Novice: 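Structure in C-alpha cells, see below.
A quick note: this is a predicted structure, and the numbers were derived from the prediction, not measured. Convention: sequence-line order gives letters A, B, ...; per-chain numbering from 1.
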There are 2 protein chains.
Amino acid sequence: MSTNSKSLKSTRQEPGVSGLRMTNQRALILEIIRQRRGHLDADEVYRQARQKQPRLSLSTVYRNLQTLKKLGFIEELHFNEEHHHYEIRLATEHHHLACLGCGRIIEFQYPLARLIKRNVAEAKDFEVIDTELRMTGYCTECHQEGK
Amino acid sequence: MSTNSKSLKSTRQEPGVSGLRMTNQRALILEIIRQRRGHLDADEVYRQARQKQPRLSLSTVYRNLQTLKKLGFIEELHFNEEHHHYEIRLATEHHHLACLGCGRIIEFQYPLARLIKRNVAEAKDFEVIDTELRMTGYCTECHQEGK
DNA sequence: TTCTTTATTGCTAATGCTTCTCACTACCGA
DNA sequence: TCGGTAGTGAGAAGCATTAGCAATAAAGAA
C-alpha cells in the first residue's frame, strides 16, 4: 500500500538486482530479522511486522522471505519439520544445536562446509552449494533435570 | 484387517518392545524399505505396499513409519522441505549429498557425529541425540551440463 | 511533475504432507 | 471364551506454504 522506497539496485549490500523493488514491507521484514538476533519463523515475523504495518498480509511475508533468501540476505533454517526459521546471513559459517527439552538454540562455529568439501565432495566431484547441519539433543539444564 | 502376526518382542533384531505387535502391514512396510536400497518417501512406500496389500491405507503407512522410526528400525531423512524420506538404519554413520539437478542421492561415510561431539558438544555440555547433515549441490553430470 | 510499465501487495482459495478420529478387527493372556 | 488393547481403514482435519488475481505503487523515462 504505502511503498515509498528505493530500488534494491541501490542498496549497498547487494550488487545489481534489476527489476526488484525495495518496498516498505520488504524493508520491514528484513529489519525485523536483522534486529532480533535469533531465529524467527514466518509467523513470528508476521506478528511483529503487523505491529508496524497492520495491513500486511501473511502472503507478503512468505513471498519476501523467499525473495530475501534468494538474494542472499537471509538464511532458511530447518530445526524441525513443522516449519522454517530464518536468520540474517552472516559471513562466518556457524551451525546450531537445538535442545529437545526447552527449545533453546545454541550456535557454534565450525568449518564444516570446508571440511566436507575437502574430504568428500572433491573426491566425488560434487559441487556443494549448501550445507546445513541439524543437531538435536539436550542442553545442560535439561540434561540435569533428567529429561 | 488381516493381522495374523507375531509380537515384536520375538523378532531377532530388537529386544523387548512389549505391547507392540508385528502385523502384516508393519512387516510389509519394513520389508519394502529394507529391500529397496534407497530412500523412499511415504507415498512410494504406500504405492509399493498396495501391490501386495491393496486394502492398505495411507494412514497405516504413516503410522508405521513413525513406529518403526521410534523403534530404531528405520531413519527419517530430510533432503528437502516438502516431505520426508526413509531408509533402513545401518550401523555405520553416513550422510547424503543431494543433487539439485537430477535428484540423485550420493551417500558417503564421515564420522561427523563423533567429531562434533568431541569438538563442540563437550565444550558446550550438550548431549547430542541426533545428527543430520543436509548437503545440496550438483553431481558431476549435472555440473558439466552447466546447470 | 506526470506517465508508463510492471513488481508487489492483500485477500482468499487451494495445495500437499501428515496427523487425527472413530468404529471395527485381531491379538494376547487369563 | 472373554476382556483389554494395539492396529487398521477411511475419511476428515490441521497446518505451513503457495497460487491466482485484481488493485496498488515503485522506478525510470519523458
Side-chain angles (χ1 to χ4, degrees), chain A residues 1-11 14 16-30 39-47 49-50 52-71 74 76-86, chain B residues 1-11 14 16-30 39-47 49-50 52-71 74 76-86:
Chain A
M1 302 270 125
S2 59
T3 328
N4 114 50
S5 64
K6 47 179 172 260
S7 146
L8 257 189
K9 210 183 279 187
S10 63
T11 55
E14 198 66 4
V17 186
S18 65
L20 292 182
R21 297 166 188 172
M22 179 53 90
T23 60
N24 282 338
Q25 291 90 331
R26 185 164 291 166
L28 176 59
I29 289 168
L30 181 56
H39 315 92
L40 299 161
D41 59 26
D43 197 61
E44 287 167 322
V45 172
Y46 178 55
R47 286 203 304 271
R50 297 259 290 195
K52 287 213 169 175
Q53 293 188 21
R55 301 212 49 206
L56 184 85
S57 133
L58 184 55
S59 313
T60 299
V61 172
Y62 275 107
R63 269 186 300 236
N64 278 303
L65 253 16
Q66 283 309 107
T67 303
L68 292 169
K69 183 177 84 169
K70 280 200 196 100
L71 292 177
I74 64 176
E76 191 178 78
L77 307 171
H78 308 92
F79 296 141
N80 57 45
E81 297 88 57
E82 287 104 54
H83 56 284
H84 309 156
H85 289 256
Y86 298 87
Chain B
M1 300 268 132
S2 59
T3 329
N4 116 50
S5 64
K6 46 182 175 255
S7 131
L8 257 190
K9 208 184 281 186
S10 62
T11 55
E14 196 70 1
V17 186
S18 66
L20 292 182
R21 297 166 189 169
M22 180 54 90
T23 60
N24 284 338
Q25 291 89 332
R26 187 165 291 167
L28 176 59
I29 289 167
L30 182 54
H39 315 92
L40 299 161
D41 60 28
D43 197 62
E44 286 167 324
V45 172
Y46 178 55
R47 285 204 306 271
R50 297 259 291 193
K52 286 214 170 178
Q53 294 189 21
R55 301 211 49 206
L56 184 86
S57 129
L58 184 56
S59 313
T60 299
V61 172
Y62 274 107
R63 266 187 302 238
N64 278 303
L65 253 16
Q66 283 309 107
T67 304
L68 293 170
K69 181 177 86 171
K70 279 198 196 102
L71 291 177
I74 64 175
E76 192 178 80
L77 307 170
H78 310 92
F79 296 141
N80 57 46
E81 298 88 57
E82 287 106 51
H83 56 286
H84 308 157
H85 289 256
Y86 298 87

Novice: Using the side-chain contact (heavy atoms from CB on, under 4.5 Å) criterion, which residues pair with B:Thr60? Sequence neighbours excluded.
Specialist: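 Checked B:Thr60 against side-chain contact (heavy atoms from CB on, under 4.5 Å); matches are B:Gln25, B:Leu56, B:Ser57, B:Arg63, B:Asn64.
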
Novice: Is any side-chain N or O of B:Thr60 closer than 4.0 Å to OP1 or OP2 of D:dG9?
Specialist: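 For B:Thr60, the contact criterion (side-chain N or O under 4.0 Å from OP1 or OP2 of D:dG9) is met.
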
Novice: If I take atom NZ in residue B:Lys70 and atom P in nucleotide D:dG7, what distance separates them, rounded to the nearest angstrom?
Specialist: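 Distance check: B:Lys70 NZ to D:dG7 P gives 11 Å.
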
Novice: Pairs under 3.5 angstrom, nitrogen or oxygen only, protein versus nucleotides 17-21 of chain D, please.
Specialist:
{"unit_1": "D:dT17", "atom_1": "OP1", "unit_2": "A:His84", "atom_2": "N", "d": "3.1"}
{"unit_1": "D:dT17", "atom_1": "OP1", "unit_2": "A:His84", "atom_2": "ND1", "d": "3.4"}
{"unit_1": "D:dT17", "atom_1": "OP2", "unit_2": "A:Tyr62", "atom_2": "OH", "d": "2.4"}
{"unit_1": "D:dA19", "atom_1": "N6", "unit_2": "A:Ser59", "atom_2": "OG", "d": "3.2"}

Novice: Sub-3.5 Å donor-acceptor pair from the side chain of A:Asn24 to the main-chain atoms of A:Ala27, do we have one?
Specialist: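 No.
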
Novice: Is there, by distance only and without an angle test, a donor paired with an acceptor across the side chain of A:Arg21 and the base of C:dT6 below 3.5 Å?
Specialist: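 Result: at least one qualifying N/O pair found.
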
Novice: Sequence neighbours excluded, which residues qualify as salt bridge (Lys or Arg N to Asp or Glu O under 4.0 Å) partners of A:Lys69?
Specialist: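 Once residues adjacent in sequence are excluded, the partners of A:Lys69 under the salt bridge (Lys or Arg N to Asp or Glu O under 4.0 Å) criterion are A:Glu76.
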
Novice: Does D:dG7 have its OP1 or OP2 closer than 4.0 Å to a side-chain nitrogen or oxygen of B:Asn24?
Specialist: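 Result: no.
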
Novice: Nearest whole angstrom, please: distance from the P of C:dT9 to the CZ of A:Arg50.
Specialist: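 After rounding, the reported distance stands at 15 Å.
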
Novice: Using the test ring pair (Phe, Tyr, Trp, His ring centres under 6.0 Å), find all partners of B:Phe79 that sit at least two apart in sequence or belong to another chain.
Specialist: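 Partners of B:Phe79 by the ring pair (Phe, Tyr, Trp, His ring centres under 6.0 Å) criterion, ordered by chain and then number, come out as B:His39, B:His85, B:His96.
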
Novice: Taking only residues two or more places apart in sequence, or in another chain, which ones meet B:Asp43 in a side chain to side chain donor-acceptor pair (under 3.5 Å)?
Specialist: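 By the side chain to side chain donor-acceptor pair (under 3.5 Å) rule, B:Asp43 matches B:Arg47.
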
Novice: To the nearest Å, how far apart are A:Phe79 CZ and D:dA16 P?
Specialist: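 So the CZ-P distance, A:Phe79 to D:dA16, works out to 17 Å.
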
Novice: When you measure from the side-chain N and O atoms of B:Gln25 to the phosphate of D:dG9, is any distance below 4.0 Å, counting only OP1 and OP2?
Specialist: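 The answer is yes; a side-chain N or O of B:Gln25 sits under 4.0 Å from OP1 or OP2.
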
Novice: Return the nearest nucleotide to the side chain of B:Arg55; candidates are C:dT8, D:dG7, D:dG9.
Specialist: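 Closest nucleotide among those given: D:dG9.
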
Novice: Applying side chain to side chain donor-acceptor pair (under 3.5 Å), can you list everything that pairs with A:Tyr46, at least two apart in sequence or on another chain?
Specialist: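 Once residues adjacent in sequence are excluded, the partners of A:Tyr46 under the side chain to side chain donor-acceptor pair (under 3.5 Å) criterion are A:Arg50.
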
Novice: When the distance from CD of A:Gln53 to C1' of C:dT8 is rounded to whole Å, what number comes out?
Specialist: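 Going from CD in A:Gln53 over to C1' in C:dT8 covers 13 Å.
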
